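Per chain, numbering begins at 1; letters A, B, ... match sequence-line order. These numbers were taken from a predicted model, which means no experiment stands behind them. Every heavy atom of this structure was used, including side-chain atoms; hydrogens, water molecules and symmetry mates were not.
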Amino acid sequence: MARPGEKSGGSGKKSLKGKAATEKPQEAAITGDGATENEVQPPKSAAFPPGFSISEIKNKQRRHLMFTRWKQQQRKEKLAAKKKLKKEREALGDKAPPKPIPKTIDNQRVYDETIVDPNDEEVAYDEATDEFASYFNRQTSPKILITTSDRPHGRTVRLCEQLSTVIPDSHVYYRRGLALKKIIPQCISRDFTDLIVINEDRKTPNGLILSHLPNGPTAHFKMSSVRLRKEIKRRGKDPTEHVPEIILNNFTTRLGHSIGRMFASLFPHDPQFIGRQVATFHNQRDYIFFRFHRYIFKSEKKVGIQELGPRFTLKLRSLQKGTFDSKYGEYEWVHKPREMDTSRRKFHL
Amino acid sequence: MAASAARWNHVWVGTETGILKGVNLQRKRAENFTAAGQPRREEAVSALCWGAGGETQILVGCADRVVRHFSTEDGTFQGQRHCPGGEGAFRGLAQADGTIITCVDSGILRVWRDNDKEASSDPLLELKVGPGVCRMRQDPARPHIVATGGKENALKVWDLQGSEEPVFRAKNVRNDWLDLRVPIWDQDIQFLPGSQKLITCTGYHQVRVYDPASPQRRPVLETTYGEYPLTAMTLTPGGNSVIVGNTHGQLAEIDFRQGRLLGCLKGLAGSVRGLQCHPSKPLLASCGLDRVLRIHRIRNPRGLEHKDEPQEPEEPNKVPPEDTETDELWASLEAAAKRKRPDLDQTQGAVQTKQRKKKRPRSTSP
């Protein structure tokens, strides 16, 4: 209440003009507020009665004016406070307290009990003997089949083609309306290790089913933010046939480990560093960002990267044990929005 | 140390890597017991049941067709018995009067003499139950009566002391409204105490009640829940309802006198593999493919009591919590739920306890 009063004194012409009409009726109510005004002011420009807030002004233009003025004041004060703090820090020099870390949702993540401890033997044994063990023991090398839902449109077809250049030893086949449960035995007999199905809705790809064969888990993802090569700005030339390196970021929980291993088993074991290509699966807040880059070391510490291939974002919807069987299969993890998404700081991958 | 700890475990869970875990809910820690000293996938536990002599011995049926005896007093595996014949994993394990009853996936039901020598490998009795068995359950009141059921294998009740023919053979329900045969897939069977009735839950999300005492061979009551196969079932201590779980991790309490859904329990994210209610208290232990053991409170109020992460897919069923010396333990457990949680012995640090306290109001709200 004192604040509008001060402003009215300090701002000069504008305030007197604008407030002339409104101040007079309120002058009568001021008694104590007059004491807070230190500057020489005409007794007319007075503070508002206590308990008054800007939102009670009925006139919209006036209200807006008062609000902008208040906001400017706030900004000025904030700037002044920052400057003061900075001066104090400089004055203290080395003895200054460390800067407080801003709170982010990633910082405030609820501790998840399923985060895998690197020394955990049970998990190590479990991973050494699960369905991906034959890949990680180098007994099998991946062979991928990429297909789509029936009658795909241009974007999806082009995404499949670009994905097949990114993933070595992958083959794109047209779906022809076949049932997945019939495709899977045929794939197994032809020694495919993984099946990728890109689901399409209204001419854009929106889902991805990744099924490890012969009897491995099936992951179902929601796909969003798909950018084909021509839509990527400042991109490099098309990827070469070299086997890329893989980066898997932030797959910390047990479920994250399983999904990370699923992604890793799509690519052949030995990356060809000559190709300088890298595929990244970065998990942040349960969203997995896929990027494909070419890097070049300009010096010991400086790297330049060019983004090449397609880019998309995935979110895990379910992980099912066994090959694709959405009706009768057993699920290892199902995303249940009303149970799992209640906290903004809890993530599962 | 192992001996006393083993005795005080409240819930026993078997895992797919062959480890038997005893979970002490008061101290909130799990202990691992393995036969060979380290986990082996060939020993994946597929069936568990209490052994002879009260709740001091557990019979563990493993994937390599060996039934191992585990003593809860000592915390060690004491003997084992190889039970060959048929193919597939154990679907049912029971013991009666010094004999072990086993049933495998391909339908061979055998009764073995339970002595520690492996030499005697001939079964006392062998029955062919039909292929595709999903569950064999023993009647707790009459140990010589067992029931079997499976995929395209209708419910049959066998008397092991009687003839080779089943005592009760269930009939399939009538054709549906399109005049198509309704398929059969009995996933779990429970005997109702105090009567001859049986309840089954099916892979086509039906819960059925059969009464062998009545002339009707078709189910007396049928209800459905959800859209996914029901994989596990347990009776509640009240005696009027069952709790079923499906492949999506949804748990529901169904009243089988009226065929009504009483309520659901939430928390599981993966397929439910084992459910077990406490015989007298309204507590339910559930485990599934999401690698977490959860204790739920069924009523007043319905909610999650405790969660434990043993970090391995928990496949088979669990054995009910012990009754001995547990009254004061259970009381203190419930008291603990109301006041602050004690320190956890597991690898989580102090941060964890604070988070758990914060979680409490949310998780126990109905």
For atom CD of Gln38(B), decide whether the heavy atoms of other residues, nucleotides or ligands shown that lie under 6.0 angstrom number more than 12. no
CG (Asn32(B)) and CD (Glu122(A)) are apart, to the nearest 0.5 Å, by 4.0 Å
So which heavy atom on Lys336(A) is nearest to which on Gly249(B), and how close? NZ-O, 3.3 Å
Could you check whether any side-chain heavy atom of Arg273(B) comes within less than 4.5 Å of a side-chain heavy atom of Glu330(A), counting everything from C-beta outward? yes
For Thr247(B), does its backbone N or O pair with a side-chain atom of Tyr328(A) as donor and acceptor, under 3.5 Å? no
Would you say that more than 12 heavy atoms from the other residues, nucleotides or ligands in this model lie under 6.0 Å from the CZ of Phe289(A), or not? yes
Which value, rounded to the nearest 0.5 Å, describes the distance between Thr129(A) atom OG1 and Glu42(B) atom CD? 9.0 Å
Could you check whether atom CG of Leu180(B) has more than 12 heavy atoms from other residues, nucleotides or ligands sitting under 6.0 Å from it? yes
So for atom CD, which belongs to Gln284(A), do other residues, nucleotides or ligands contribute more than 12 heavy atoms lying within a distance under 6.0 Å? yes
Contact summary for Lys327(A) and Pro229(B), nearest pair of heavy atoms: O-CD, 3.3 Å
What heavy-atom pair brings Glu332(A) and Arg291(B) nearest, and what distance separates the two atoms? OE2-NH1, 2.9 Å
Decide if atom CZ of Arg89(A) counts as having more than 12 heavy atoms of other residues, nucleotides or ligands within a radius under 6.0 Å. yes
Calculate, to the nearest 0.5 Å, the distance between atoms CG and OH belonging to Leu268(B) and Tyr331(A) respectively. 15.5 Å
With a 4.5 angstrom heavy-atom cut-off, which part of Ser318(A) approaches chain B: side chain, backbone, both or neither? neither
For the OG1 atom of Thr17(B) and the CD atom of Glu121(A), what is their distance to the nearest 0.5 Å? 12.0 Å
Flag if over 12 foreign heavy atoms under 6.0 Å of CZ, Arg299(B): yes
Count the heavy atoms belonging to other residues, nucleotides or ligands that lie under 6.0 Å from CZ of Arg181(B), then report whether that count exceeds 12. yes
